[in-house]
Amino acid sequence: MPPADPAALREFASRLVAWQRREGRHDLPWQNTRDPYRIWLSEIMLQQTQVSTVIPYYARFLEAFPTLADLAAAPLERVLELWSGLGYYARARHLHACAVAVCAQYGGHFPPSPELIAQLPGIGRSTAAAIGAFAFDCRAAILDGNVKRVLTRCFGIAGFPGSPRVEKGLWALAEALLPEAPDMVAYTQGIMDLGAGLCARSKPACVLCPLQEHCVARREGRQEELPEGKPGKAVPERQVSACIFHDGERILLERRPPSGIWGGLLTLPEAGTEESAPAQAQRLGLDLLAAAPLPPLRHTFTHFRLILSPWLCRVGPERMLREGSWEWLPWSRVGEAALPAPIKKLLLGLEGAQAAPSASSGN
DNA sequence: AATGCGGGGTG
DNA sequence: CACCCAGCATT
């Protein structure tokens, strides 16, 4: 799936690195250090948490625990107190366990390999790569929300980025894009800076982007469609058929109850899928002259999808049928009637055809 | 492969 | 109000 052109892949990193050194962030509290402890602490706090939220917590942590050994020696309760308000409290427990583990297993020094780092508590593949890159120049790829957004847009990758299939492809692409070791810090910081700044979720600043000439989403105008959202749960579907009973001049409609779906509006007489048009016509005491099926109409509500199969039914000139909730609406008044939008649209599309009833398009 | 975890920001 | 955010661990 990824464009296998090696030159294009290299171009991605070199442009990003140059841009980061020129325009990226360089003064965040956890930058300008190679201390794995400080880098690790920031990466854990930044999991699912925005930069502005983290900054004050990060400062307080370093004040309370200047070194990894201080953190490992502290009681967990103290760590939790300082974490209070940051959320995802398992991170704090894992943080403490990780400090203890690094002291016990590695003499207080993080191992300089993402594979080993990822074995530690609270550290997954992406966080391990970030620590490895920032602290040791390791050539390892991160894949967080920012990176997913940049990659799906730049390479036009469809599908929900959280799905295993798409995510697998994104990891492979992220690794194929990595620059050589000396550029790993600027590259890793750059792809996050780009995602957090220019390549924002809405209204990305494409004109300022160092990758604009390579970006598939920009070229195709699909910035707002990528990355694709999480597919909603399968909405329940309801199938109904509805007859457009008309005598050439007027349509038979039903006034719905004041509350509930389409409360108080006029709609087509509905039936289940079982009841045929003739049966329904007979039930309503209509003289059915002709019936033709129309293409099904889909309409989505908050909690379900309605699939409406309309029948266009010509009926004989009928007596009033005024009783109850029935009303005859002239075709000419469809536009201004109190009809649900999809029904009105359907009827307006048919109105022209009524002027020339013989115009039976072949379809 | 899907869920829970959490507080804060945004359209 | 729904969705997203420098994800990970657990089921």
Side-chain angles (χ1 to χ4, degrees), chain A residues 16 20 24-31 33 36 38-58 61 80 82-98 101 114-115 117-135 140-153 159-171 174 184-204 223-235 300-303:
Chain A
L16 191 54
Q20 204 285 325
R25 296 175 289 189
H26 298 94
D27 299 306
L28 294 170
W30 41 87
Q31 290 185 288
T33 179
R38 295 183 168 231
I39 292 165
W40 161 69
L41 179 61
S42 75
E43 292 300 330
I44 300 302
M45 288 186 164
L46 287 162
Q47 287 168 2
Q48 297 294 104
T49 309
Q50 296 182 348
V51 167
S52 58
T53 305
V54 164
I55 287 177
Y57 284 86
Y58 185 74
F61 255 78
L80 289 169
L82 285 163
W83 198 274
S84 172
L86 250 194
Y88 283 122
Y89 296 93
R91 289 186 296 173
R93 295 192 296 274
H94 290 138
L95 185 83
H96 188 251
C98 184
E115 291 76 18
I117 295 173
Q119 304 299 309
L120 293 163
I123 303 180
R125 182 172 174 181
S126 188
T127 299
I131 297 169
F134 287 133
I142 62 168
L143 188 63
D144 56 28
N146 284 332
V147 179
K148 285 175 177 173
R149 190 166 53 251
V150 171
L151 296 186
T152 53
R153 282 179 175 162
F160 172 53
S163 76
R165 182 184 65 83
V166 177
E167 188 160 308
K168 189 179 172 190
L170 288 172
W171 273 115
M184 276 304 298
V185 171
Y187 175 83
T188 304
Q189 187 64 49
I191 201 164
M192 293 191 296
D193 289 352
L194 196 65
L198 303 190
C199 200
R201 188 155 63 87
S202 60
K203 298 184 192 168
Q223 296 95 320
E224 298 290 344
E225 299 160 34
L226 294 172
E228 287 184 15
K230 183 175 184 171
K233 290 176 192 145
V235 268
T300 304
F301 293 92
T302 322
H303 47 298

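Order of the sequence lines fixes the chain letters, A, B, ..., with proteins taken first and strands second; residue numbering starts at 1 for each chain. Scope of the values below: all heavy atoms of this structure, side chains included, with no hydrogens, waters or symmetry mates.
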How close or far is atom P of dG6(B) from atom CZ of R91(A), stated in whole angstroms?
9 Å

When the side chains of residues 123-130 of chain A are checked against the rest of the protein, which donor-acceptor pairs come out under 3.5 Å, sequence neighbours left out?
from, atom 1, to, atom 2, distance (Å)
R125(A), NH2, E175(A), OE2, 3.4
S126(A), OG, L143(A), N, 3.0
T127(A), OG1, Q47(A), NE2, 3.1

Ring pair (Phe, Tyr, Trp, His ring centres under 6.0 Å) against Y187(A), all qualifying residues, sequence neighbours excluded:
none

Closest listed nucleotide, where the reference is the side chain of S202(A) and the choices are dG11(B), dA1(B), dG6(B):
dG11(B)

Roughly how many Å is it from OH in Y88(A) to C1' in dG4(B), rounded to a whole number?
8 Å

Distances under 3.5 Å between protein N/O atoms and the N/O atoms of nucleotides 8-11 of chain C, please, pair by pair.
from, atom 1, to, atom 2, distance (Å)
dC8(C), OP1, G124(A), N, 2.9
dC8(C), OP1, G124(A), O, 3.4
dC8(C), OP1, T127(A), N, 2.9
dC8(C), OP1, T127(A), OG1, 2.7
dA9(C), OP1, G122(A), N, 2.7
dA9(C), OP1, I123(A), N, 3.3

T49(A): what forms a side chain to side chain contact (heavy atoms under 4.5 Å, CB included) with it, not counting sequence neighbours?
T53(A), V54(A), L86(A), R91(A)

Report the distance from atom CG of L226(A) to atom C1' of dC4(C), rounded to the nearest whole Å.
16 Å

What's I131(A) touching, base or sugar-phosphate or nothing? Going by heavy atoms closer than 4.0 Å.
nothing

Under the ring pair (Phe, Tyr, Trp, His ring centres under 6.0 Å) test, residues paired with Y88(A) that sit two or more places apart
none

T49(A) (side chain) and dG6(B) (base): donor-acceptor pair under 3.5 Å:
yes

Any residue in residues 194-201 of chain A with a heavy atom nearer than 4.0 angstrom to DNA chain C? Just list them by number, or reply none.
R201(A)

